[in-house]
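Comments concern the structure below.
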Amino acid sequence: MSTLPREFYLNDTVTVARNLLGKKITRCIGRQKISGIIIETEAYRHRDDPASHAHSRITERNKAMFEEVGRAYVYFTYGMHYCFNVVARSPNFDAGAVLIRAIDPDEGIEIMEKNRKTKDTKRLANGPAKLAQAMQITKEQYGADLTKKGSLFISEGIERPKVIANSRVGIRKAVEKKWNFKIEI
DNA sequence: CCCTAGATTTACT
DNA sequence: GTAAATCTAGGGC
């Protein structure tokens with residue numbers, strides 16, 4: 001299974017968020033392999049999006065959102081959680097990223113159970129911080145190239161069922177934008 | 001099922 | 001100083 005090409009991410013962030021549903025994320029740690037199908041995403045853009053980390057200006061934390069598309073933007077929040085994003089934007093935007101909010105676990109479920117200290121498969125990776133913990137994604141993956149088969153990459157997955165659009169979760173600004181996307185497997 | 005409180009660090013005002 | 005793209009445990013229904 002080949003990875004998604006760089007051009008896949010060089011599109012409107014909202015479009016890429018929809019297109020990422022059903023794709024497969026793989027994380028390789030030594031000989032261990034963890035993977036899952038993306039089932040929930042959210043788009044965060046630039047000046048037109050008050051809820052985005054990139055809304056005001058470039059900083060040490062958000063700089064990945066301004067750099068090469070198809071790379072990882074990982075941030076730390078609430079004093080204890082990492083969240084994983086994919087840098088994506090149309091050519092006429094300066095910044096943008098897609099937050100991966102949930103996956104349907106595929107390979108390496110036992111490893112994820114260990115990482116998450118639970119055997120409840122439904123709750124293994126059904127939230128952005130849970131997913132990062134299950135897949136062992138931390139600041140070390142900041143800027144990782146997801147178009148190459150390294151320790152973290154994204155490839156074709158399943159046929160995408162009907163997409164459900166909603167307001168984004170956990171934000172107070174720009175609540176009217178329906179940039180949260182989900183599929184039901 | 002629903003709700004609320006508390007954890008705990010960073011980054012920006 | 002304080003809000004933050006969150007989660008879990010504990011209580012109630």
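Lettering of chains follows the sequences in order, A, B, ..., and the numbering in each one begins at 1. A quick note: this is a predicted structure, and the numbers were derived from the prediction, not measured.
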What integer distance in Å separates K139(A):NZ from dA11(B):C1'? 11 Å
Mind calculating the distance between CZ (F76(A)) and P (dC12(B)) to the nearest angstrom? 15 Å
May I have the distance from K173(A) (atom NZ) to dT13(B) (atom C1'), rounded to whole angstrom? 11 Å
Between dA4(C), dC12(B), dC7(C), which one does the side chain of Y78(A) approach most closely? dA4(C)
Counting the atoms with a prime plus P, OP1 and OP2 as sugar-phosphate, which does R123(A) contact under 4.0 Å by heavy atoms, base, sugar-phosphate, or nothing? nothing
Mind checking if A129(A) touches a base, just sugar-phosphate, or nothing, with heavy atoms under 4.0 Å? sugar-phosphate
Taking dT9(B), dA5(C), dT8(B) as options, the one with an atom nearest any side-chain atom of Y44(A) is dA5(C)
Considering just the side-chain nitrogens and oxygens of H81(A), establish if one lies under 4.0 Å of OP1 or OP2 belonging to dC7(C). no
Please tell me if R57(A) has a side-chain N or O lying less than 4.0 Å from either OP1 or OP2 of dT13(B). yes
pair I25(A)-I38(A): side-chain heavy atoms closer than 4.5 Å: yes
Using purine N1 to pyrimidine N3 plus N6-O4 or O6-N4 for Watson-Crick, or N1-O2 and O6-N3 for G-U wobble, each under 3.5 Å, what pairs with dA5(B)? dT8(C)
The reported gap from CG in D145(A) to CZ in R6(A) (rounded to nearest 0.5 angstrom) is 4.0 Å
Regarding the side chain of R172(A), the nearest nucleotide among dA3(C), dT8(C), dT13(B) is dA3(C)
Just to confirm, is there a sub-4.0 Å distance from OP1 or OP2 of dA4(C) to any side-chain nitrogen or oxygen of R61(A)? no
Does dA5(C) have Y75(A) stacked on its base, where the ring centres are within less than 5.5 Å and the planes differ by under 30°? no
Write down the partner of dA11(B) under the Watson-Crick or G-U wobble criteria, each distance required to be under 3.5 Å. dT2(C)
Evaluate the ring planes of Y142(A) and Y73(A), with Trp represented by its six-membered ring, and classify them as parallel (under 30°), tilted (30 to 60°) or perpendicular (over 60°). perpendicular
For atom CD of Q133(A) and atom P of dA7(B), their distance in whole Å: 18 Å
Please test F66(A) against H46(A) for ring pair (Phe, Tyr, Trp, His ring centres under 6.0 Å), starting from the C-alpha separation and ending with a verdict. CA-CA 9 Å; F66(A) 294 80; H46(A) 187 205; 5.4 Å; yes
Given atom NE2 of H53(A) and atom C1' of dA11(B), what is their separation to the nearest angstrom? 10 Å
Side chain to side chain contact (heavy atoms under 4.5 Å, CB included) partner of I100(A), chosen from N85(A), V86(A), I137(A), I39(A): V86(A)
With a 4.0 Å limit, can you tell me whether K130(A) has a side-chain N or O closer than that to the phosphate oxygens OP1/OP2 of dT8(C)? yes
Taking atom types as modelled, find out whether K130(A) and N126(A) have a side-chain donor-acceptor pair closer than 3.5 angstrom. yes
Give R168(A) one of three labels, base, sugar-phosphate or nothing, depending on what nucleic acid heavy atoms sit under 4.0 Å from its own. nothing
Quickly work out the E40(A) CD to dA5(C) P distance and round it to whole Å. 16 Å
Rounded to whole angstrom units, what separation is found between the CZ atom of F84(A) and the P atom of dA5(C)? 18 Å
Any side-chain N or O of T59(A) below 4.0 angstrom from OP1/OP2 of dC12(B)? yes
Round to the nearest Å and state the distance from R116(A) atom CZ to dC7(C) atom C1'. 8 Å
When T118(A) and L99(A) are each assigned the nearest nucleotide of DNA chain C, the 5'-most assignment goes to L99(A)
Among the candidates dT6(C), dA7(B), dC7(C), find the nucleotide nearest to the side-chain atoms of M80(A). dA7(B)
